[in-house]
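In what follows, a structure is listed as structure tokens, so that the remarks can point back to it.
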Amino acid sequence: MNASAGPAARVEMHAIGKSFPGVRALSGVDLTLYPGEIHALLGENGAGKSTLIKILTGALDRDAGEIRLDGEPVDFRSTGEAQTSGISTVYQEVNLIPAMSVTKNLALGPSDGAFGIISWRKARAAARQKLARLNLDIDIEQPVGTFSVAVQQLVAIAHALDDDTSVLVLDEPTASLDAQETATLFSILRDLKSRGMAIVFITHFLDQVYEISDRISVLRNGGLVGTGLASDISRQELISMMIGRELGEVEATFAHKASEEKGTEKLVARGIGRKRTLEPFDLTLHAGEVVGLAGLLGSGRTELTKLVLGAIRADSGTLEVGGKDVGRNTPRQSLESGIAFCPEDRKAEGLVGDLSIRENIMLSMQAKNGWLRRVPRKQQERLASEMIDALAIATPDAEKPVRQLSGGNQQKVVLARALASKPEILLLDEPTRGIDVGAHAEIIMLIRRLCEDGMALLVASSELDEIVAASDRVAVMRDRRKIGEIAGEDIKRDNIIRMIAGEDGGQH
Amino acid sequence: MASTDSTAEHSAPGRVKAIAQSRAIWPLLALALILIVAGFISPNFYEIRIVEGRLFGNLIDILYRAVPTALVALGMAVVIGTRGIDLSVGSIIAIVGAVIVWRIKMGDPHVTILFTALAAGILCGMWNGFLVAALGIQPIIATLILMVSGRGIGMLINLLYGGTDPSFESAFLQGLSTGSIWLIPTRLVLAAGIFLALWLLIRRTALGLFVESVGGNAAASNLAGVNARVIVFVAYVLCGLLSAWAGIIMTADTHTSDPVSVALYIELDAILAVVIGGGSLAGGRIYLGMTVIGALVIQALTTATLISGLPPEYNLIIKALVVLSVLFLQSANARNAIRGLVSRKPS
Amino acid sequence: MNKKYLPLAATIAVFVALFVTGGAMYNNFLSTLVLGNILADNAFIIIAAIGATFVILSGGIDLSIGSMIGLVGVCMAVLDRMGWHPLAAAALMICFGILYGALQGFIIDFCDIQPFIVTLAGLFLLRGLCFMVTLESVPIRHDFVDLYASAKIPLPGRGVLRSSAIVMLASLALAIFIAHFTRFGNSVYAIGGDKESARLMGVNIRRTTVGIYAIGGFYSALAGVVYALYTSSGYPLAGSTLELSAIAAVVLGGTLLTGGVGMVAGTLFGGMILGLISTLIIFHGSLNSAWILISSGVLLFAFIVLHRFLVSSFDLRGTS
């Protein structure tokens, strides 16, 4: 693949910008796609991958920048328009109708007329032909839901492809495929590539990136970190582009506690795991200690915190909290034994958007108190205003619906709720996701302060510098497995990157 | 109405907007409007007399007749707060009515009758709550089962005492229906007491907060330590209990049990009252006071239609138009379309 | 066997079991005469339920069915008094039904309001219109009504297929064609299965939604016509709570209330099950009609729980 002197670009996206209320999702991003290339698009959650793809496929409007298709400026207002121009997308969650047969799924789409009559004989022939293009031989009369996810994924690709598709966007197509299925998919992608299609491939599996892609673009915090030939970028460089700042920046200036300074054991997990979610792991949290959880997207960070909380039910292992065996706990029991949790996805799992800041802050504490012993309004107001002051939540008053706050302030409300329940153990999943630099620093400071007060903290983060800056000990995750821990002076970005990249394990 | 609303927003942004955004103002305005129009139609509309030691008059009548719907609507408000719905309230009323007549014929004392009736309502609520919270069936489907079979159960209970005549005489229930305490109709006192008790339960314990958080975001509430299933279950039980109270009053009014046609479409009126009171079917908020206003709006409409000399059935059309306009005002797409029309006209 | 046929198989099993039970209990029950009568007596419910099948397959609900039946009846009666031919009046009312249904579909999709509430408004509005048209029962007196009542096709045995049953079976055939042999029908299943996926797969949600409720309106208006001709009168209270029977027939017919799974043909059996239950209970004589409601409720419960666990098995096998 020769980008500079090769064939003319099929798609040129230039200086793309997009803001959502309170969040700048993308700014000044360039992306060029050539015919006959597979272009990997990488970045952590919230880096802007989906937004960029949605702008390309017409699912979102852009605020700034321009898109050219074969040199002509285009302005898609719907996915349908993009599709007609030859840009097809397969989304992360397979978008098919599980209860309908393969034939019927493939027959769906913009129709010629509302009452167009379907000849199922012709539809079956068309379906077979589409699947043959992908070398897929299955019983097309079976409901899609009865096939493996890999086959479903291929059916979705078959649905997306038609004769004039020139750009194919695949959003995490391999997330739930095994090695064999991935190999099948890749051979099909190579075949499509050889026929001159431009393919955008979003993934978080680095092995696959090197196996299949010609060029790589990395996004972080809504900006383009860089684009280059896959053969020119080393694995470590790539990880560093995704989760670390560029080399040469100042290392965090915080003294990690030596191992002998550890406090009492607050939480001990032995062999906790769940099939197909996370391999069994051991983990100990001490009073006055911050344990960082490092790893790439999909390595199992969130799953680990949720297993400890009991939001994902473990099928093996034991959990001790404060010396007592708590067995298979639920989030409710965890709350009572002193564990509080701040989830990664604030909107879906963290906040009740229509309730006020005060009510959101109160929720866990009140749940711990029980429904009968309602915290009096005066006390609620005092607590809310204390929390608003302590965490510097920017709001005119505590009665504002939490939905109206900015991302950083919403995160602080989630934190405030956890803290209001007076936990001894705090689990934070991505506490600084999608918030601005100032709030970011404040939250890191807060984590350190809580730790000094004797709390035990587990902080999962995709920001390596954050892990390095805040943790006394770091647990490193890879491929749904906890692969090791490092502590004290060993906590350095390079060490962690090396572990994540699997250099110790001898991969690549 | 919608177009003048948005032009007003443009001309005087400050105060008008603040008033317009207060959710309480619209139902109250609607109620006032209905009462004013009714006053024009019938000059002595506002007159209140004392007859036989009890207040009489159109305004009292509206309050008096709105009681059953208001009670059911309060239960519905709690269920809707959890992002649910209960279609079976009319059937619960039918069952409660049959239970009351059955126990009267068996010669039970008043207190036993009362508690058996309430227990029947609670049992119905537990059934619905079980289907929704434990089996995870969509509320609209789960409560459809009792809605379909409940009236049959009521008819069956009527068969229990083998009586072909389900009518009865009961001084106690008569008192509930037409009696009065210090000039005020007894049922208004009773309804106020129930409202107060419910308000204390929802707002003076943490139940209201939990219901609203589960309705707003069940996943987040679970992670924050709230047991969402229990909360949902309790909501349906409360709705069953409140429907049972409505059933007691309606049975007292009719002196009989008529499972086939008692409280027909009351679930729709109750849902309507919640929606007029500003509750969204998407859940997450309980407005007890405004729900009562919603029920009063519906009853005032009915009464106003009656005194205007129109056949009472015209009321249905007015109700439909009220539902549609409330929905249009709540829909973002429709508001934008109207705004587009309004802003295009002047230019 | 394909899992999605399981509810339909259960429906047919229940129907056969009920019919055989009837035959074991009463002489002359297992006959084309009884079958023909059940078909004719329940024709209007089944026709309305066929329309509701489309709505429910798409994940929606239509509460305006009963009121539409009432309105069509009174309008036909009043138009008859004004000298219209019943067929002309029927055509007019069916056009109205289609337009009103389409309007409901448009409001549901454009305003993004739950179908439950929009069709609830329809229930009120159409019933109110009934009372505006007339407040009393109006007879339809026309030669055509007599012709309609007397026309029949003999069946083997002593049974006959009456006009209502013929209209019902013809409209069922049309519905099967629309549901299973058109792009539109395919889209209905897709919207009911997963609306977001359907949108991403390029299905035109608005056009399909409008079409679905227009079909619902068409079938409820047709049910109203059949009901009016069958009773040869129009009564403003006719068809009250009939929407519930129609929904029950759809569910008993093996269509999931959550949408996406089911077959139009199943609705015929669902409606026949309801008809069989009442016939059996009427045959028994001493049983109260309460049992009709209760046994419908029990069957409804059984089917809903069956569907619930079927759906979770689909979810398990489907996408994450």
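It should be emphasised that the depicted structure is a prediction, and the values quoted were computed from it without experimental measurement. In what follows, chains carry the letters A, B, and so on, assigned in the order in which the sequence lines appear, proteins first and then strands, with residues in each chain numbered from 1.
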For a quick check under 3.5 Å, do C/Ser220 and C/Asp62 share a side-chain donor-acceptor pair by atom type?
no

Cut-off 3.5 Å, side chains only: do B/Asp269 and B/Thr69 have a donor facing an acceptor?
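The criterion, which ignores hydrogens and geometry beyond distance, is not satisfied for B/Thr69 and B/Asp269.
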
Could you check if a side-chain atom of [X] sits within less than 4.5 angstrom of a side-chain atom of [Y], using non-hydrogen atoms only?
X: B/Gln299; Y: B/Thr302; answer: yes
X: B/Tyr236; Y: B/Pro139; answer: yes
X: B/Leu301; Y: B/Ile298; answer: no

Interface moiety of [X] toward chain B, non-hydrogen atoms closer than 4.5 Å:
X: C/Leu120; answer: side chain
X: C/Leu299; answer: neither
X: C/Leu125; answer: both
X: C/Ser240; answer: both
X: C/Ile247; answer: side chain

I'd like to know which of B/Leu146, B/Ile318, B/Leu135, B/Ile317 tops the heavy-atom pair count under 4.5 Å against chain C.
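Result: the option with the highest number of such pairs is B/Ile317.
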
Considering all heavy atoms, the nearest B/Ala66-B/Leu296 contact:
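So the minimum-distance heavy-atom pair works out to CB-CD2, 3.7 Å.
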
Please identify, among C/Leu244, C/Val251, C/Ile61, the residue contributing the most non-hydrogen atom pairs under 4.5 Å to chain B.
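Maximum pair count with chain B is reached by C/Leu244.
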
